[in-house]
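What follows is a short report on a single structure.
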Amino acid sequence: MASKVVGVREFDSLIPLLRDRGYDVIGPTVDEGTIVLDHVATSADLPIGWTDHHDKGTYSLDKRADEAYFGYAVGPRTFKRWLYPPRQTILTIEHAETGLVFKPEPTADERYAFVGVRACEIAAMEIQDRVFAHDAFADPHYVERRARSLIVGVNCAVAGETCFCDSMGTGPECTAGYDLVITEVVSGERHEFIVESGTDEGETILTELDGRPTTPADRKEVRTIIEDTAASMTRTMPKDETYSLLTENLEHPIWDSIAERCLNCTNCTLVCPTCFCSTMEDMTDLDGRAVRKRRWDSCFNREFTFLHGHAVRFTTKSRYRQWMTHKLAYWYDQFGTSGCVGCGRCITWCPAKIDITEEIAHLAEQTREEVAT
Amino acid sequence: MTTTVTRRPTVAVWKFASCDGCQLTILDCEDEFLSIVGAIDIAYFPEATRAERGGPYDLSIVEGSITTVHDAERIHDIRAKSKALITIGACATAGGIQALKNWADVDEFAKIVYAHPEYIRSLSTSTPISDHVTVDFELRGCPISKHQLIDVIDAFVHGRKPNTPTHTVCVECKLRGTTCVMVAHDTPCMGPITQAGCGALCPAFNRGCYGCFGPSESPNIEALREAWHEIGVDDPHLVQALRTFNAYAPEFKEASETYA
């Protein structure tokens, strides 16, 4: 595929170009003191000169010394908000002469261009594809939106302090699943974007951006940025061990320890780019219509575990264990992949400061000690 | 449009110790009001109409808490003439802000406030309706949400389960895309232990949640206490936050007494 080195001014034509091609552009922007994903109209909407710092239950938005466009890690929102929206009308039911009429909700015709998508987020979309797009129960709304979406990826030049994609094998480099991928080079006076295409649509867009051809030095620069970002990550997840570690320790005391700290707030699941639990809300209105809506839900909600009038996971312990064992173990059985992409959101956005990488490390350590004694 | 409703159910709206805000929510349903009165037959609602019809009623909607001997008797009479009884608002479901008197000396208050406290006949407690009679459904909030109220009335009319989630306000923040104010801004927020219903109104305006909808289905208040300590909020402030509109809701009450 093609590649090009694009200067700042030329790069600024990208978002308007995407809009001219009929895309609704979703990208990073500063709002509510955070870098969030939202509709963007020009480069001026991007978090230029901003970065973010993360720790357990802690987030801060800070100024950078330069004017980098993508010089931050990830914010609290994820692209699932647009592919798998918080509320989705499924069908409406109305009375007619002939009886009840069921009308499935037609798929909407949005065409999104997602800009600034990180490797972990592309990995998350590919995981959600396995959930929503792969069998007889494919969700037409998701499938349509996903098929029409354009992905403009970014190779991470900054790792958040809670990031661990390197150990999950999902980043920081975008290796596939993008239409275009950007590596931003900001050093001294130099501020350029090395842009590569991954699809025909990406290549067509790239031809409309002015720039110079890439050189071997540019490609080396890309490698250096990716390697430095990977090397800067301090958290790790033992990806290949979590299945046995968790499934063999379902009654371990660690679950009690986590349950004491867990707020049941659901933040971890709702900021997670792969979590997909939902509930159905059947509403009638006083004029005799009924609507079925799907709404984001969470395995941390007791009400979510109700089966036939009884909550099957009544305690926080059982619900936390459900989440972690599903995400890091049973997901392999169900979808052939871990449910975690190492984006670190569940660590940053947990008000109780629970860190899954730490909990897994504790469990591994305690299990080793138990075996040793 | 045909509907399955043949006879409109008769509805009575009752007031106990409260500010009237919740029953006014019925009148605030401006766009939906004609649909509401088309679906139910309002038989008793002094706040809205002087026309009154005696019971029995298919549904009684009760606002306010029990603070007097007279009211403690009146609620039994209302229950006896109501097929179903729904309580609305923090006063009716948890005792309201006036339940703060449950921790105080009411005679002492009366002496300070009234020139002739001997005329005051008040119980020493403010308690929810469910402490006195069987309640079929409790709709939380200070005030209640108009949308939830319409849904509950609609659910009653159609004989279905209301859509009133018992999860936390945090879910509503995520649904609307609001950034967590506690994580991003160190703002003490009751959201992680508070039931949804308001649509995460305060966090959306960069404020912490005040707990207007009472405890969520499984609140871990000790964990919230730890999180608040981390951002520099001490126990006296936590106790104040727990003792507002839903102070006497069992989980908030127990926690505030533990940390007081």
Side-chain angles (χ1 to χ4, degrees), chain A residues 31-34 36-38 54 56-61 75-77 81 85-87 94-97 259-267 269-271 279 281-290 293 295-298 300-304 311 314-316 319 348-354, chain B residues 1-5 32 34-40 150-151 153-155 157-163 165-186 189 191-194 196 203-204 206 216-224 226-228 230-231:
Chain A
D31 192 23
E32 298 179 33
T34 35
V36 296
L37 300 170
D38 211 335
H54 301 245
K56 290 188 287 184
T58 307
Y59 176 96
S60 66
L61 180 69
R77 291 188 200 163
R81 182 165 203 87
R87 285 192 175 86
E94 289 176 5
H95 288 281
E97 300 273 319
E260 276 179 23
R261 288 170 282 145
C262 175
L263 283 159
N264 286 295
C265 71
T266 74
N267 275 10
T269 55
L270 297 176
V271 296
T279 189
E281 286 181 341
D282 288 337
M283 327 239 194
T284 50
D285 70 22
L286 291 160
D287 300 320
R289 278 181 302 267
K293 285 188 179 179
R295 169 176 68 73
W296 284 0
D297 207 336
S298 168
F300 279 88
N301 290 331
R302 182 190 290 170
E303 209 176 30
F304 180 71
F314 197 75
T315 60
T316 303
R319 295 195 294 274
T348 301
W349 298 100
C350 174
K353 300 187 191 299
I354 297 171
Chain B
M1 182 76 53
T2 60
T3 89
T4 53
V5 183
E32 300 86 354
L34 289 177
S35 295
I36 293 173
V37 295
I40 61 174
I150 292 168
D151 184 72
I153 292 173
D154 183 77
V157 169
H158 290 100
R160 67 166 169 88
K161 185 172 160 278
N163 288 301
T166 55
H167 59 57
T168 61
V169 171
C170 304
V171 175
E172 293 190 310
C173 272
K174 302 306 173 296
L175 291 174
R176 67 187 291 165
T178 297
T179 292
C180 178
V181 296
M182 206 146 90
V183 169
H185 311 306
D186 288 349
C189 180
I193 58 166
T194 299
N206 237 332
S216 55
E217 58 181 22
S218 48
N220 187 344
I221 303 177
E222 178 61 29
L224 187 78
E226 288 295 320
W228 279 27
E230 290 267 337
I231 55 176

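Just so it is clear: chains get the letters A, B, ... in the order the sequence lines come, proteins before strands, and each one is counted from 1.
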With a 3.5 Å distance limit and no angle check, can you tell me whether A/Glu281 reaches the backbone of B/Asn163 through a side-chain donor-acceptor pair? no
Give, as side chain, backbone, both or neither, the part of B/Pro165 having an atom under 4.5 angstrom from any heavy atom of chain A. both
With only heavy atoms counted, which part of B/His167 is less than 4.5 Å from chain A, the side chain, the backbone, both or neither? both
Output the option from A/Arg77, A/Met283, A/Arg81 having the highest count of non-hydrogen pairs under 4.5 Å with chain B. A/Arg81
Where is the tightest heavy-atom contact between A/Trp296 and B/Lys174, given as atom of each residue plus distance? CZ3-O, 3.8 Å
Rounded distance [0.5 Å steps], CD1 in B/Ile150 versus CG in A/Asp285: 10.5 Å
With chain A, which of B/Glu226, B/Glu222, B/Arg160 has the greatest number of heavy-atom pairs at distances under 4.5 Å? B/Arg160
Looking at every non-hydrogen atom in both residues, tell me the closest pair between B/Asn220 and A/Glu260 and how far apart they are. ND2-O, 3.0 Å
Under a 4.5 Å cutoff for heavy-atom pairs, which residue among A/Asp31, A/Thr269, A/Asp282 has the most contacts with chain B? A/Asp282
Okay, B/Thr178 and chain A: the region with an atom under 4.5 Å from a heavy atom over there is both
Nearest heavy-atom contact between A/Cys265 and B/Cys170 is O-CB, 3.2 Å
With a 4.5 Å cut-off on heavy-atom pairs, point out which of A/Gly57, A/Gly33, A/Pro76 contacts chain B the most. A/Gly57
Okay, A/Phe314 and chain B: the region with an atom under 4.5 Å from a heavy atom over there is neither
If we define contacts as heavy-atom pairs under 4.5 Å, which of A/Leu263, A/Thr58, A/Leu61, A/Thr316 has the most with chain B? A/Leu263
Side chain, backbone, both or neither: which part of B/Glu217 has a non-hydrogen atom closer than 4.5 Å to chain A? both
Name the option with the most non-hydrogen atom pairs under 4.5 Å to chain B; the candidates are A/Ala259, A/Ala311, A/Pro85, A/Cys262. A/Cys262
Heavy-atom proximity to chain A below 4.5 Å, by part of B/Ile36: both
How far apart are the C-alpha atoms of A/Arg295 and B/Leu175, what are their side-chain angles, what is the distance that settles it, and do they pass the side chain to side chain contact (heavy atoms under 4.5 Å, CB included) test? CA-CA 8 Å; A/Arg295 169 176 68 73; B/Leu175 291 174; 3.8 Å; yes
Could you tell me which of B/Gly191, B/Pro219, B/Cys180 has the largest number of non-hydrogen atom pairs under 4.5 Å with chain A? B/Cys180
Least distance between heavy atoms, B/His185 atom then A/Glu32 atom: NE2-O, 3.0 Å
Among A/Thr284, A/Thr34, A/Thr348, A/Thr266, who wins on heavy-atom pairs under 4.5 Å with chain B? A/Thr284
